[in-house]
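Below is the structure I would like to discuss, written out as structure tokens.
When reading the values below, keep in mind they use all heavy atoms of this one structure, side chains included, and skip hydrogens, waters and symmetry mates. Worth saying up front: this structure is predicted, and the values here are computed from it rather than measured.
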Amino acid sequence: MSLRLRLFLLLTAATGLMWLSAVLWINHSTRAEVEKVLDARLREAATMVSSLMADRRIDAATALDGQLSLPASGEAGYSRQLSCQVWSLEGGLLGRSDGAPEAQLTSAAALGFSEAMVDGALWRVYTTVNPDLGVRVMVGDAIEVRDRLVRDVMTGFAVPAAVILPFLAVLIWLSVARGLEPLDRLARGLRARPPQDLSPLPEGPAPREIRPVRRALNRLFAEVEAARTAERDFVAFAAHELKTPLAGLRMQAQIARIAEDDATRRHALRTIERSVDRTDRMVRQLLDLAAVERQAPAAAPVDLHALVRDIAQDLDSAAAARRVRIDASGTQGATLQATPFLVHAALRNLLENAVIASPEGGTVQVSAMAEDGTLTISVTDAGPGIAPAQAGRITERFYRAPGALHDGSGLGLAIVASAAQRLGGRLDLPAADGAGQTARLVLPLRGEVADG
């Protein structure tokens with residue numbers, strides 16, 4: 001259902017409900033007023049007849065001849081709406097008005113207002129007694145007359161309403177269309193944009209409800225543009241980083257092919273091996289980075305000590321080449337609830353960086369400490385550490401600190417930071433004092449995994 005149709009139906013229903021409420025209220029108030037006015041008229045008529053008889057303006061002899069009458073309204077449809085009867089206190093009918101029922105309007109015991117069935121119709125009757133004359137005066141009118149009066153009033157109200165409602169519905173439809181025009185303009189402007197146009201929507205006068213939508217769209221455009229730029233830069237950096245070792249491989253292969261002595265050939269082959277290792281590591285890290293960013297949340301118990309031990313086995317050849325030892329004794333008994341792949345990717349890259357940064361014969365220490373609902377995993381090496389000037393950029397993709405002692409891809413810490421964010425935690429890299437670098441991975445023990 002369109003927003004325009006939804007608003008039209010809601011406004012029409014609300015208007016109809018208000019009109020129905022008004023009809024019910026008018027019906028109730030009109031009936032109450034009619035009852036009040038007609039009851040007062042009954043009482044006044046009965047009192048008037050009693051007073052006229054007391055003043056001898058109506059002769060008792062006339063009443064006995066059945067000639068008692070009251071002036072009747074000449075208004076069409078409401079003539080003879082009052083009926084009067086005069087009874088003796090002994091129960092004899094002394095007289096009645098023209099058109100009054102022959103049967104007694106109400107019981108002889110009734111006094112004041114009462115209702116009674118007369119000739120199959122319900123009557124409202126007022127009774128007064130004149131003890132001096134020994135008469136009982138009854139004046140009444142049919143309830144059906146009162147109902148018809150109220151019905152006529154409501155008909156006079158409802159007929160114009162039935163005529164006006166269709167025009168009101170058209171007016172509501174046009175008003176809704178007019179009110180949604182700014183939204184229609186925004187939609188037309190978005191449809192007219194080419195897919196590559198991510199520039200902000202132009203500022204200008206707009207209804208209060210449209211301004212947050214415009215701001216949200218501009219923020220979305222900016223985020224999409226930033227993501228597209230990052231993706232474009234990522235592809236360009238990746239292509240450049242892969243091109244360098246491949247060019248080296250080609251050159252060293254040519255040297256190995258044309259070398260005349262075994263020493264030159266062995267040196268070229270060792271260089272080829274290092275380039276292949278570097279390229280393999282970069283490809284693996286590119287795949288890790290892509291996997292980290294698309295990994296679906298799937299929290300499960302993670303035994304940290306077992307995980308670090310498995311990663312150490314994977315890095316055994318690289319650690320053995322530098323005679324670096326990985327000490328994971330500080331992770332005994334540490335567990336957390338998280339996505340295992342993300343924890344593995346973060347720790348694998350932290351430990352690999354630590355092994356490469358460590359001097360020959362050094363030790364990489366891994367420890368864990370649970371506190372206040374978080375688990376802090378610390379990885380410490382004996383390398384030169386990260387210079388304070390580089391701390392703000394060290395987690396950027398493909399960033400390598402000037403003067404780095406090893407050839408890396410600049411992706412390791414970017415993977416760690418991205419995995420930590422997905423895990424609902426963070427990567428802390430405190431300033432090094434020259435005696436090694438500590439990287440702290442702070443993760444919630446039972447945190448939810450973020451989707452972005």
Pro101 versus Trp123, closest heavy-atom pair with distance: CG-CZ2, 3.6 Å
Test item: Ile255 and Met251 side chains (from C-beta on) under 4.5 Å apart, heavy atoms: yes
4.5 Å side-chain heavy-atom contact, Leu413 and Leu429: yes
If you look only at distance, which donor and acceptor atoms sit under 3.5 Å apart when one is on a side chain in residues 355-362 and the other is two or more places apart or in another chain?
residue: Ser358; atom: OG; partner: Ala354; partner atom: O; Å: 2.6
residue: Glu360; atom: OE1; partner: Arg323; partner atom: NH2; Å: 3.4

Closest heavy-atom pair and its distance - Gly424, Pro444: O-CD, 3.7 Å
Nearest heavy-atom neighbours spanning Asp303 and Thr335: CA-CG2, 4.1 Å
Ionic contact status for Arg146 with Asp39, cut-off 4.0 Å: yes
Nearest heavy atoms of Trp19 and Leu165, plus distance in Å: CE3-CD2, 4.1 Å
Backbone of Val23 reached by a side-chain donor or acceptor of Asn27 within 3.5 Å: no
Note, Leu315 side chain near Arg348 side chain (heavy atom, < 4.5 Å): yes
Arg31 CZ to Leu149 CG distance, which is reported to the nearest 0.5 Å: 9.5 Å
Separation between CD1 of Ile377 and OG1 of Thr331, rounded to the nearest 0.5 Å: 9.0 Å
Separation between OH of Tyr126 and CG of Asp141, rounded to the nearest 0.5 Å: 14.5 Å
Any donor-acceptor pair under 3.5 Å from Ser367 side chain to Gly330 backbone: no
Polar side-chain atom of Glu223 near backbone of Asn218 as donor-acceptor pair, under 3.5 Å: no
Beyond-backbone contact of Arg41 with Leu82, side-chain heavy atoms, under 4.5 angstrom: yes
CA sep, side-chain torsions, deciding dist, call: Thr376, Glu371, side-chain contact (heavy atoms from CB on, under 4.5 Å): CA-CA 8 Å; Thr376 301; Glu371 184 179 13; over 6 Å; no
Side-chain heavy atoms of Leu347 within contact of Leu304, under 4.5 Å: yes
Check: Ala414 main-chain N/O paired with Ser418 side-chain donor or acceptor under 3.5 Å: no
From Leu351 atom CG to Ile311 atom CD1, the distance as rounded to the nearest 0.5 Å: 5.5 Å
Main-chain N/O of Ser199 paired to Arg193 side chain as donor or acceptor, under 3.5 Å: yes
Steps toward side-chain contact (heavy atoms from CB on, under 4.5 Å) verdict (Leu42, Leu38): CA-CA 6 Å; Leu42 289 179; Leu38 295 185; 5.6 Å; no
OG1 on Thr363 to CG on Asp381, rounded to 0.5 Å: 10.5 Å
Check against side-chain contact (heavy atoms from CB on, under 4.5 Å), Leu186 and Leu201: CA-CA 9 Å; Leu186 179 62; Leu201 294 170; 3.7 Å; yes
Shortest non-hydrogen contact between Gly179 and Pro182, atoms and distance: O-CD, 3.4 Å
Heavy-atom check, side chain of Met18 versus side chain of Ser21, under 4.5 Å: no
Whether Arg265 side chain and Ala259 backbone form a donor-acceptor pair below 3.5 Å: yes
Value rounded to 0.5 Å, distance of CG in Leu105 from CZ in Arg124: 13.5 Å
Note, Val153 side chain near Val34 side chain (heavy atom, < 4.5 Å): no
Side chain His305, main chain Ala328, donor-acceptor under 3.5 Å: yes
Side-chain heavy atoms of Val379 within contact of Asn353, under 4.5 Å: no
Arg188 atom CZ, neighbour heavy-atom count above 12 within 6.0 Å: yes
Nearest heavy-atom neighbours spanning Ala417 and Leu427: N-CD2, 4.3 Å
